[in-house]
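FYI, side chains are in, hydrogens and waters are out, and symmetry mates aren't considered; it's all heavy atoms of this structure.
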Amino acid sequence: MDVPWLLVAHGSVTALVVVSFLCGQWPIFEGTFVQRINHFLTFGAYHHFLRLVHAACGNGARDLVLGVEQYCCDRPNPILQVFYVAIIGVTYFIIVQTSFQYIPGYYVSGLHRYLSIVAVAIGALLFVLTSFSDPGTVTTENVSQYLSAYPYDGIIFEEKVCSTCKITRPARAKHCRICDKCVARFDHHCGWMNNCIGEKNTRYFAAFLVWHFLICLYGVVILGFILAGELKERKVVYILTVYYGIDNSFSGLFPHVAQWLLAVHNTQILLLVFLAIIALLLGGFCAYHTHLCLTNTTTNETFKWQDYMMWKKKVNEEKAAAHGEVRKSPTSKWKVFFSRSRAQAVETVVKNNIYDKGMIRNFCEVIVPLSERQSFFRKKSD
């Protein structure tokens, strides 16, 4: 009877660790235990590991570990790409070997044998497009073209020369230290793709996230229908209620049904939980990047705006304090709320994104980048 709860506990802990590792630095988790777990996983644990290696094996082993870290984190490498291919390949192979025998089933049509192949093939195609397409590399030959694409907003983007490429860096562009090149409308460097995400491949990256989220949901639904079909065909509920006298209610049947599923279909249960966790994570990434696309913002710009607004807020508070408008910061947030007055109000910091042209135009700009439009080419020749 304890097995289902152990499975729930295991899934919960796994989900917490994965979410903390991948999403712990998001602003929504600031100051929470998720951020602390992320800090331990990404910095604290590695720092203690380095100290242990140094104490046990000396400087040579420590330098070797640092060299591996530099190769994995500071240089283009296909490690995560190979890992992605391995995850997709192994997961699909296990599903074929363990679950295709139940297709067709009571609730599942035989068509899903072929739909699954198409779904995985489309996901692989989007992965290749995102990984090997040009993200929008800025060079001396096309820098004038990209300079005419986006104006400088004078807040987070100002005209300056890239110290590495020795060219004027266009607005919204950034020099990637890993790829060692300037990328137009730079979003972030994705280790899974071994490529930067920029103006020309953001559409492929967004489609990759959405499609893999749908694939995982598809897998969860099909596996769920397979298990439901097995319960129906083998008359498990009927046997439990009629022959064993189990109460025909959810609370009465759930422990026995779960125990039977874990004993007979444990592989399908594990696959379902695994795909559900991945779908949950991808759903968060999809929502985040959809928001970025619809507001014409990049991940890089999000962090720049956060830094700017924190700095501007601090400047405004210092100005208010200098004019005697703020005497001493209350220690409690509730005190701040209830004691706030017009005399003590600090100037509100507003985010003014000049690149936001409305959801429809923003979405179209992601689908058809400015550098690929005829109007863009005409502007270049003027």
Would a 4.5 Å heavy-atom cut-off, applied to side chains only, mark [X] and [Y] as touching?
X    : Y    : result
L227 : I269 : yes
I197 : T298 : no
K200 : P135 : no

Tell me whether the centres of the aromatic rings in H256 and Y244 are closer together than 6.0 Å.
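So the answer is no for these two rings.
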Taking only residues at least two apart or on different chains, which pairs with a member in [range] satisfy salt bridge (charged side-chain N to carboxylate O under 4.0 Å, His left out)?
range            : value
residues 146-162 : none
residues 113-134 : none
residues 288-310 : R172-E301

Hey, could you give me each pair passing ring pair (Phe, Tyr, Trp, His ring centres under 6.0 Å) that has a residue in residues 112-139? Not counting sequence neighbours.
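Of all non-adjacent pairs touching residues 112-139, those that pass ring pair (Phe, Tyr, Trp, His ring centres under 6.0 Å) are Y84-F127, H112-Y218.
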Under the salt bridge (charged side-chain N to carboxylate O under 4.0 Å, His left out) test, residues paired with R234 that sit two or more places apart:
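Salt bridge (charged side-chain N to carboxylate O under 4.0 Å, His left out) list for R234, sorted by chain: E230.
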Specify the closest pair of heavy atoms between [X] and [Y], including all atoms of both residues, with the distance to one decimal.
X    : Y    : answer
I103 : G110 : CG2-CA, 3.8 Å
L272 : L223 : N-CD1, 3.7 Å
C293 : T202 : SG-CG2, 4.4 Å
S133 : N201 : OG-CB, 3.3 Å
D356 : N296 : CA-CB, 4.1 Å
S99  : L271 : OG-CD1, 4.3 Å

Return the orientation label for the [X] and [Y] ring planes: parallel under 30°, perpendicular over 60°, tilted otherwise.
X    : Y    : result
F100 : Y92  : perpendicular
Y238 : Y243 : perpendicular
H265 : Y102 : perpendicular

Could you note down all residue pairs passing side chain to side chain donor-acceptor pair (under 3.5 Å) where residues 58-67 supplies at least one of them, sequence neighbours left out?
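Residue pairs with at least one partner in residues 58-67: H54-N59.
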Applying side chain to side chain contact (heavy atoms under 4.5 Å, CB included), run through M309 and K312 and close with a yes or a no.
CA-CA 5 Å; M309 295 179 75; K312 190 67 175 177; 5.5 Å; no
[X]-[Y] side chain donor-acceptor pair, cut-off 3.5 Å:
X    : Y    : answer
N300 : D187 : no
S371 : Q145 : no
H189 : N195 : no

Could I get the full list of ring pair (Phe, Tyr, Trp, His ring centres under 6.0 Å) partners for Y355, not counting sequence neighbours?
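Testing Y355 for ring pair (Phe, Tyr, Trp, His ring centres under 6.0 Å), a comparison that skips the adjacent residues, returns Y150.
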Let me confirm one number: the [atom1]-[atom2] distance from [X] to [Y], rounded to the nearest 0.5 Å.
X    : Y    : atom1 : atom2 : value
R203 : L129 : CZ    : CG    : 9.0 Å
I367 : N362 : CD1   : CG    : 12.0 Å
L126 : Y204 : CG    : OH    : 9.5 Å
F205 : C196 : CZ    : SG    : 12.0 Å
Q268 : T98  : CD    : OG1   : 5.0 Å
K357 : C364 : NZ    : SG    : 11.0 Å

Identify, with sequence neighbours excluded, every residue that meets side-chain hydrogen bond (donor to acceptor under 3.5 Å, both in side chains) alongside D247.
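With neighbours one apart ignored, the set is S249.
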Would you please name every residue forming a side-chain contact (heavy atoms from CB on, under 4.5 Å) with [X], sequence neighbours left out?
X    : answer
L217 : F213, A279
T241 : V237, N248, L253
L111 : S109, L115
V315 : W311, K319

Steps toward side chain to side chain contact (heavy atoms under 4.5 Å, CB included) verdict (T302, Y288)
CA-CA 11 Å; T302 299; Y288 175 68; 3.9 Å; yes
I would like to know whether R185 and Y146 meet side chain to side chain contact (heavy atoms under 4.5 Å, CB included); could you show each step before the answer?
CA-CA 9 Å; R185 199 182 179 277; Y146 283 114; over 6 Å; no
Candidate pair K351 and T297, rule side chain to side chain contact (heavy atoms under 4.5 Å, CB included), full reasoning
CA-CA 12 Å; K351 176 181 175 180; T297 310; 4.2 Å; yes
If Ile, Leu, Val, Met, Phe, Trp and Tyr residues are connected whenever their side-chain heavy atoms lie under 4.5 Å apart, and connections chain through other members, are F274 and V85 in the same group?
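Hydrophobic grouping puts F274 with V85.
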